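What you see is a predicted model, and the numbers here were worked out from it, not measured in a lab. Letters A, B, ... mirror the listed sequences (proteins, then strands); counts begin at 1.
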Number of protein chains: 2
Amino acid sequence: MTAEARPAAPPLTERQEARRRGILRAGAQLAGRGGFEAVQMREVADAAGVALGTLYRYFPSKVHLLVAIMQDQLQHLQVTLRRRPPAGDDAAQRVAETLMRAFRALQRDPHLADAMVRALTFADRGVSPEVDAVSRLTTAIVLDAMGLEEPTQEQLSVVRVIEHTWHSALITWLSGRESIAQVKRDIETVCGLIDLSADTR
Amino acid sequence: MTAEARPAAPPLTERQEARRRGILRAGAQLAGRGGFEAVQMREVADAAGVALGTLYRYFPSKVHLLVAIMQDQLQHLQVTLRRRPPAGDDAAQRVAETLMRAFRALQRDPHLADAMVRALTFADRGVSPEVDAVSRLTTAIVLDAMGLEEPTQEQLSVVRVIEHTWHSALITWLSGRESIAQVKRDIETVCGLIDLSADTR
DNA sequence: AACAAGTCTGAAACTTGTTCTAGATTAGCG
DNA sequence: CGCTAATCTAGAACAAGTTTCAGACTTGTT
């Protein structure tokens, strides 16, 4: 029931890499309809043309799978952002623009967003390493937008708070308790902390 | 599979009220060991001396049950806070103290905290009304600490951001990815927004 | 007190995540 | 090529959330 240690993943063969990609694609597609609940492990295995046991060898749980999908999407986002970086004048504006861009991307596929974000916040300790990887990626994206190389402790806390707000605002939006406009306002509000920490520097 | 409308709950008889309390107590107790996963509906029903079908009549899902438990706990917290309100000089300090007090209460029973918070963020649209009730309670507690009766739009957004940070920081703490000290720092950081919005007023 | 409507019980059934097993396939290696 | 270990497949089995149902019990009404 508890997770095992991670003894340095062995390199995957080409076919294995292809299988992995196929599983991620199938999972994302199923998430695209129906969200979290529509991602059923048997269906994912079917759609990916792989046995159920194999699916579980690649991703030890549904949450692992969805977190891996999120990591995948975030990497795409990061590439896109590097191609066209946010253009605001100060750090707060750039971070807000970055997050709003990500938010608009999620709005294009709210079901997929639902599956990924719910998995991320529902993950228990057994998925910590994977969730942590996603978190580091998100941090990197925000720090990129801020233009920081060596953040202070204080700035790191601000970034954490921004990420907290980001995740939780998404959750409330996905469950229909907060409007798109409110999410936008929350993002802009929390980005106010960046100026604050710059002043206090 | 989808949830029904809410046609104004009929008043409960005394025995029904007692059953409801018994279920909440049993659920909280099971959550106290093992957290979210340890709350098994069959066991809750057993411990509460109630048939499984009855449990589901009172709480249409495990998440509903755990959210109701959270609401219950929050109400207790609110009473406690009114008895001994936070004593800080400015609003930011009082809110931070309030949240840290709640955090210490959660630390006393991390498994229960796990069950409640994971349920809260995992809840889908079918649980929105109940989650919203918890959210309103939390907002009321924070506004109490700020000493505000009629908050502005801007202040409400700050409060939402504080709640977002609160929930998400708890999640990361519960999954072992953030330390108690970091949670404390995050709470203090986000409370900085209160001063900011006071300045800009 | 007797009836009707609503509630509760006990147990089985169903769903979906997860685990397990026996045999087929593949990959790496001498 | 032939061997061995690892991987993959198909399918059964198991676990826990949820639904369903027939019958017993309560409650409110007359």
**Q.** Minimal non-hydrogen separation, B:Ala115 against B:Leu66, with atom names
**A.** O-CD1, 3.8 Å

Q) Between A:Tyr56 (OH) and C:dG17 (P), how many Å, whole number? A) 6 Å

Q. When you measure from the side chain of B:Arg57, which nucleotide among C:dT18, D:dT18, C:dC8 comes out closest?
A. C:dC8

Q: Go through the side-chain N and O atoms of A:Thr165 and B:His164 and say whether any donor and acceptor fall under 3.5 Å apart.
A: no

**Q.** A:Ala51, nearest nucleotide to its side chain (from D:dT18, C:dT18, D:dA10)
**A.** D:dA10

Q. Atom CZ of A:Phe36 to atom C1' of D:dG17: distance rounded to whole Å?
A. 13 Å

What are the atom names and distances for every N/O pair under 3.5 Å that joins the protein to nucleotides 28-30 of chain D?
none

Q. From D:dG17, D:dT9, C:dT18, pick the nucleotide closest to the side chain of A:Val50?
A. D:dT9

Q: Measure from CD on B:Glu14 to C1' on D:dT27 and round the result to the nearest Å.
A: 14 Å

(Q) So for atom CD, which belongs to B:Gln29, do other residues, nucleotides or ligands contribute more than 12 heavy atoms lying within a distance under 6.0 Å? (A) no

Q: Could you tell me the separation between the CE atom of B:Met41 and the P atom of C:dA12, rounded to a whole number of Å?
A: 20 Å

Q. Counting heavy atoms not belonging to A:Arg101, are there more than 12 under 6.0 Å from its CZ?
A. yes

(Q) Which residues pass the side-chain hydrogen bond (donor to acceptor under 3.5 Å, both in side chains) test with A:Arg33, not counting sequence neighbours? (A) none

(Q) Taking 4.0 Å as the cut-off, does a side-chain nitrogen or oxygen of B:Gln16 come that near to OP1 or OP2 on C:dC8? (A) yes

Q | Interatomic distance, A:Asp124 CG vs C:dT18 P [rounded to whole Å] | A | 10 Å

Q.
List the residues meeting salt bridge (charged side-chain N to carboxylate O under 4.0 Å, His left out) with A:Arg177, not counting sequence neighbours, and say none if there are none.
A. B:Asp132

Q. Pairs in or reaching into residues 107-120 of chain B: which pass side chain to side chain donor-acceptor pair (under 3.5 Å), with residues at least two apart or in two chains?
A. B:Asp114-B:Arg118

Q | Sub-4.0 Å heavy-atom contacts from residues 114-122 of chain A onto DNA chain D, ordered by number | A | none

Q.
Parallel, tilted or perpendicular, judged at 30° and 60°: which one describes the rings of B:Phe122 and A:Phe36?
A. perpendicular

(Q) If you compare every side-chain N and O of B:Tyr58 against the phosphate oxygens of C:dC8 (OP1, OP2), does one of them come in below 4.0 Å? (A) yes

**Q.** Touch class at under 4.0 angstrom, heavy-atom based, for B:Val63 against every strand present
**A.** nothing

Q) Is A:Val44 touching bases, backbone alone, or none of the nucleic acid, heavy atoms closer than 4.0 Å? A) nothing

Q: Map B:Gly53 and A:Thr54 onto DNA chain D by nearest heavy atom, then report which one ends up closer to the 5' terminus.
A: A:Thr54

Q) Considering only D:dA12, D:dC8, D:dT18, which nucleotide approaches the side chain of A:Arg19 most closely? A) D:dC8

**Q.** Pairwise side-chain contact, A:Leu170 with A:Phe103, heavy-atom cut-off 4.5 Å (strictly under)
**A.** yes

Q) Given atom CG of B:Asp46 and atom P of D:dA16, what is their separation to the nearest angstrom? A) 13 Å

Q. Side chains of B:Glu163 and B:Thr139: is there a donor and an acceptor less than 3.5 Å apart?
A. yes

(Q) Using the side-chain hydrogen bond (donor to acceptor under 3.5 Å, both in side chains) criterion, which residues pair with B:Thr138? Sequence neighbours excluded. (A) none

Q. From D:dT18, C:dG17, C:dA27, pick the nucleotide closest to the side chain of A:Lys62?
A. C:dG17

(Q) Rounding to an integer number of Å, can you tell me how far B:His64 NE2 sits from D:dG17 P? (A) 15 Å

Q: Give the nucleotide from the list D:dG17, C:dG17, C:dT19 with an atom nearest to the side chain of A:Leu52.
A: C:dT19

Q: Can you tell me the distance, in whole Å, between the CG atom of A:Leu55 and the C1' atom of C:dT18?
A: 11 Å

(Q) Does the structure show a Watson-Crick or G-U wobble partner for C:dC20, both distances under 3.5 Å? Name it, or say none. (A) D:dG11

Q. Are B:Arg42 and D:dG17 close enough that a side-chain N or O sits under 4.0 Å from OP1 or OP2?
A. no

